[in-house]
Amino acid sequence: MYDVIVAGVGGMGSATVYHLARRGAKVLGLEQFDILHELGSSHGVTRIIRLAYAEHPDYVPLLRRAYELWRELESQAGERLLFITGGVDIGEAQTGIVRGSLDACATHDLPHEVLDAETLRQRFPGYQLSPSMVAVYQPDAGFVLPERCIVAHVGAAVQQGAEVHTREPVIEWGIGDGTVRVRTDRQTYRARRLVVTAGPWARNLVPALAELAVPERQVLIWTQPLRPELFALGSFPIFNMEAPEGHYYGFPVYGVPGFKIGKYHHRNERVDPDQMDRHCHPEDEAVLREAIRNYFPDANGPTLAMKTCLFTNSPDEHFILDHHREHPEVVLAAGFSGHGFKFCSVVGEIMAQLALDGGTQLDTAMFRLARFASA
């Protein structure tokens with residue numbers, strides 16, 4: 001009999017197991033693959049973290065807490081997990097990214113600068129924007145290391161008494177006699193609470209999420225810069241860019257010796273994560289090369305690596321952090337819509353509070369299921 005079972009031990013699940021264990025709960029984490037794998041949404045060497053949150057100003061307090069918790073985890077793990085590079089939100093002045101970033105900065109009094117294309121190029125020559133584009137520079141942005149963050153969370157959780165099983169998929173769960181029964185391909189477990197942090201597989205475990213947490217195929221590319229010094233750590237801030245060609249994001253060189261870029265809703269491919277095409281094709285490269293050629297020409301060298309991953313999109317692309325509507329013993333974290341990993345540290349804390357306390361001290365009103373009529 002456990003206090004809490006956590007289904008899925010990737011980015012969100014590993015943080016949840018950790019925060020439950022640090023509070024003294026008897027917790028079991030169940031992962032269908034290995035700790036560290038490339039089949040979901042928690043790999044790829046680097047993940048952006050940014051404070052000027054264009055998606056909605058209400059994310060900023062959660063981000064501030066996330067930064068605190070990442071720093072705490074670094075101290076506990078004894079390794080660097082969070083790198084500050086500065087970041088730019090780019091687009092025409094009236095685009096949603098630029099206006100949203102400025103709104104977040106104004107609402108939360110965040111230090112920032114608005115740079116025209118030429119000023120940005122002079123400061124960071126790797127950027128070659130169209131003259132009509134502007135950039136909101138915010139110095140606190142950077143990236144976290146997803147694989148190392150998961151290892152740190154799992155390692156700290158195990159040290160504090162958590163039990164973690166890998167290669168043990170959850171088959172089904174049910175409620176009875178005030179407890180949750182969770183059946184895997186090995187045996188059946190019982191707990192007072194169940195937390196579902198299963199990423200693209202959440203909808204398989206929770207039918208209510210079938211149209212609220214929809215997996216989408218995503219592709220990343222690393223290219224060899226023609227001028228490596230322009231894209232080195234310390235010379236190139238992370239970016240979030242709304243261009244006529246689409247919505248792109250990218251990183252300085254780290255880990256893999258290349259410039260990394262991705263495009264939101266890469267080719268708009270809704271997929272089954274167990275059946276999706278995990279190979280990268282010339283068509284995938286062409287989508288990303290267009291932006292490199294147009295805005296980062298000095299990074300337009302040979303391909304060093306390409307990887308697929310998954311977004312799990314909610315209808316409004318905001319998170320789902322809530323109790324199951326019919327079964328309050330079950331807590332859900334889903335629908336992170338391609339911008340969730342930076343929040344893992346704080347989402348783990350929120351999930352632990354929802355599971356153990358029935359509520360959270362942080363403001364999660366905008367992430368409740370009630371906003372969807374079908375939920």
Please state whether the rings of W173 and H324 are parallel, tilted or perpendicular, taking 30° and 60° as the class boundaries.
perpendicular
Given the ring of Y295, does R293 sit roughly above its face, with NZ or CZ under 6.0 Å from the centre of the six-membered ring and within 45° of the axis?
no
Ring of F231, cation from R227 - is the NZ or CZ under 6.0 Å from the centre and inside 45° of the axis?
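Checked: cation-pi criterion not met.
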Could you check whether any side-chain heavy atom of [X] comes within less than 4.5 Å of a side-chain heavy atom of [Y], counting everything from C-beta outward?
| X | Y | answer |
| --- | --- | --- |
| D298 | Q128 | yes |
| H43 | F341 | no |
| E349 | R65 | yes |
| M133 | D116 | no |
| L81 | L73 | yes |

Can a donor-acceptor pair be found, under 3.5 Å and without considering hydrogens, that links the side chain of [X] to the backbone of [Y]?
| X | Y | result |
| --- | --- | --- |
| Q138 | D140 | yes |
| E172 | V182 | no |
| S41 | F311 | no |

Here's a test for you: under side chain to side chain contact (heavy atoms under 4.5 Å, CB included), which of [options] qualifies with [X]?
| X | options | result |
| --- | --- | --- |
| V256 | T46, L220, V45 | V45 |
| V164 | I35, V27, L28 | I35 |
| D284 | K263, Q218, H266 | H266 |

Does either side chain, that of Y59 or that of H318, offer a donor lying less than 3.5 Å from an acceptor on the other one?
yes
Which residue, W222, Y254, F251, F236, forms the ring pair (Phe, Tyr, Trp, His ring centres under 6.0 Å) with F259?
F236
How long is the gap from CG on L20 to CG on D3, to the nearest 0.5 Å?
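If I round to the nearest 0.5 Å, the distance is 8.5 Å.
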